[in-house]
Amino acid sequence: MKKIIALLSVICFISCQDKEIITTFSGKIANTESKTIKLEGLNFSKEINLNTDGTFSDTLQLDYNGLYSLILNDENQRFIYLENGFQLNVENNAEEFEKSFVFKGNGSDENNFMSKKHQVIESVYGKMNDWESAKPLFTLDEKAFIEKNELYKKEILKALDEAKLSNANFVKNEKSDTDFHVLRMYVQYPSNYGYLTNNRAFKASESFPKIGDDFSMDNEELFKFSFSYRNLAGRNFYEKMYAEADSTKTPLEKGFEVLKPIKSKLIQSELVKNMMYELNGSTPNLETVYNEMMSYSLDEKFKKELTDKFEIVKNLVKGSPSPTFDYENINGGKTSLESLKGKFVYIDVWATWCGPCIAEIPALKEVEKEYHGKNIEFVSISIDDKKDHEKWKKIVADKELKGVQLFADNDWKSDFVKNYAIDGIPRFILIDTEGKIVNADAPRPSDAKLKELLNEVGL
């Protein structure tokens, strides 16, 4: 009898453990045509079916407690907080997506606070969903901008105190997130101010807050919890990759140097994603680099994307036939790569919405002027969406762009873009007189190395 009681106790213990770690997620999204919602996190993605009345219910096996994205569609997304063991219920009206969230059940206190947090952000900073709405904030002078951020800290800590949350760990991490949110705003300020005031040379004063040398990218708990901390870690990693202090090392070499000391495998896995842009047909020791990047990743989706890109770019080495194009010319008709044979072709893949692309235009015009009359054609291929076709025409006219101006037939999904595995712009490519690749990731016009490359090929 004692053995039976002991066995029942073990079963009860296991069952209780299972009950504690199961997370249930249910609710209703009213007035939506979507048939699913999606939850996405770090190495986590789950699609949940919506019933015809918008109701849903599912169980989740979470790898971590922290921040997840609830995605209804491209326009409607927001962060929610999930822990193992939550039984969270959410109600929402898709027609007022951001404002209509009501959370109930275990986990509701934390998520209702996050709704309050969004209200505080909007009340202090205003709406920041596009450049126009962000302009009043990011064109403030430094003193006024700092005051805004200090006000945010005051208001969010007040709201956190008034919420009287029993989840001590959540409260601790929210306080840390408040500091990182403000630091993220300070980091964004100089570039945003320069862009919105058309003052690209703007630099913040020496006393303006910035990321210190002591910033750690290795706090896994905060990485799981705080979007601002994730953002700052990514920015800091990017800056170290592209730091010019040691020009003898490539961005990829610098990236691996930064990754190696990080103890968190999860953070390494996320940060290595920033290196994918540098993988191209001109990458030295391409296969070795690919294998090392794969070794850092825990994300199967990223591994597949990286492998797909590797399979393309390994064929884009110097001397290989270039992928071709045949796109609309702003002067009428179409222009193909084949029609430019006999000349070197320097290609600029860009878009009207791309700030760094626009910033290269003055340097590109200077290079075009210097090499005018030589055996080279300068081709700019816009990958703007079809709806921005007229905007493309206007910018070409307003900025008096020279060379061959083309409009790709299917933006990012255009064959030329896919066949070069282009995942970031601006992107520059040099092709020789026979239509073969000289450099699949050529230097930018603003880089002195471009003229060195053009001189090397005899121009």
Side-chain angles (χ1 to χ4, degrees), residues 11-122 159-160 162-174 177 221-227 230 266 299-301:
I11 292 171
C12 181
F13 178 68
I14 293 172
S15 298
C16 290
Q17 277 195 317
D18 287 344
K19 187 175 180 181
E20 287 174 0
I21 64 170
I22 290 173
T23 302
T24 62
F25 186 53
S26 62
K28 181 177 181 178
I29 310 292
N31 298 315
T32 180
E33 295 180 0
S34 297
K35 295 181 180 179
T36 61
I37 56 173
K38 184 181 286 187
L39 275 176
E40 289 193 349
L42 302 170
N43 303 332
F44 178 92
S45 181
K46 183 162 190 180
E47 196 167 75
I48 300 172
N49 291 325
L50 296 178
N51 298 318
T52 54
D53 61 352
T55 58
F56 65 92
S57 181
D58 210 335
T59 57
L60 310 172
Q61 295 292 328
L62 302 177
D63 292 333
Y64 67 93
N65 298 337
L67 208 61
Y68 293 80
S69 292
L70 172 60
I71 303 168
L72 180 61
N73 49 44
D74 289 342
E75 291 77 33
N76 293 322
Q77 306 179 24
R78 69 158 285 167
F79 288 124
I80 63 172
Y81 176 76
L82 293 173
E83 284 188 12
N84 281 304
F86 274 6
Q87 287 89 49
L88 185 64
N89 180 275
V90 56
E91 292 187 5
N92 176 264
N93 182 345
E95 293 178 350
E96 295 182 301
F97 183 79
E98 191 55 57
K99 295 180 179 179
S100 64
F101 276 93
V102 177
F103 295 94
K104 297 176 183 177
N106 185 8
S108 60
D109 290 345
E110 292 87 345
N111 282 286
N112 284 324
F113 172 77
M114 290 187 70
S115 293
K116 176 63 177 177
K117 180 178 177 179
H118 177 80
Q119 293 172 17
V120 172
I121 289 172
E122 194 165 296
L160 192 58
E162 290 175 347
K164 301 191 183 306
L165 299 170
S166 61
N167 189 333
N169 204 51
F170 178 88
V171 172
K172 179 196 74 172
N173 286 329
E174 270 296 342
D177 176 74
E221 183 179 8
L222 275 174
F223 200 87
K224 293 171 179 176
F225 183 91
S226 169
F227 168 77
R230 288 181 201 174
L266 175 67
D299 188 331
E300 294 305 319
K301 181 181 177 183

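Residues: numbered from 1 along the sequence shown. Hydrogens, waters and symmetry mates play no part in the numbers below; they use all other heavy atoms, side chains included. Everything numeric here is computed off the predicted structure, so don't read it as measured data.
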The criterion is side chain to side chain contact (heavy atoms under 4.5 Å, CB included); which residues satisfy it with T59, sequence neighbours excluded? I22, T24
Evaluate ring-ring contact (aromatic ring centres under 6.0 Å, His included) for F86 paired with F25, printing each intermediate quantity in order. CA-CA 8 Å; F86 274 6; F25 186 53; over 10 Å; no
Can a salt bridge be assigned to the pair K172 and E221 using a cut-off of 4.0 Å between side-chain N and carboxylate O? yes
Between F101 and M114, is there a side-chain heavy-atom distance shorter than 4.5 Å? no
Those residues at least two apart in sequence (or on a different chain) that pass side chain to side chain contact (heavy atoms under 4.5 Å, CB included) with D74 are none
Taking the side chain as C-beta and beyond, is there a heavy-atom pair between D109 and N167 under 4.5 Å? no
Which residues satisfy the side chain to side chain contact (heavy atoms under 4.5 Å, CB included) test with E96, sequence neighbours excluded? S100
Side-chain donor or acceptor of N76 paired with backbone N/O of E98 under 3.5 Å: no
With salt bridge (charged side-chain N to carboxylate O under 4.0 Å, His left out) as the rule and sequence neighbours excluded, what pairs involving residues 39-56 come up? K38-E40, K46-D58
E174 side chain reached by E110 side chain, heavy atoms, under 4.5 Å: no
Assess whether atom NZ of K35 is packed by more than 12 heavy atoms of other residues, nucleotides or ligands within 6.0 Å. no
Can you list the residues that meet the ring-ring contact (aromatic ring centres under 6.0 Å, His included) rule with Y68, with sequence neighbours excluded? F44, Y64
With K116, which residues qualify under side chain to side chain contact (heavy atoms under 4.5 Å, CB included), at least two apart? Q119, V120, A159
Parallel under 30°, tilted from 30 to 60°, perpendicular over 60°: which one fits the rings of F225 and F170? perpendicular
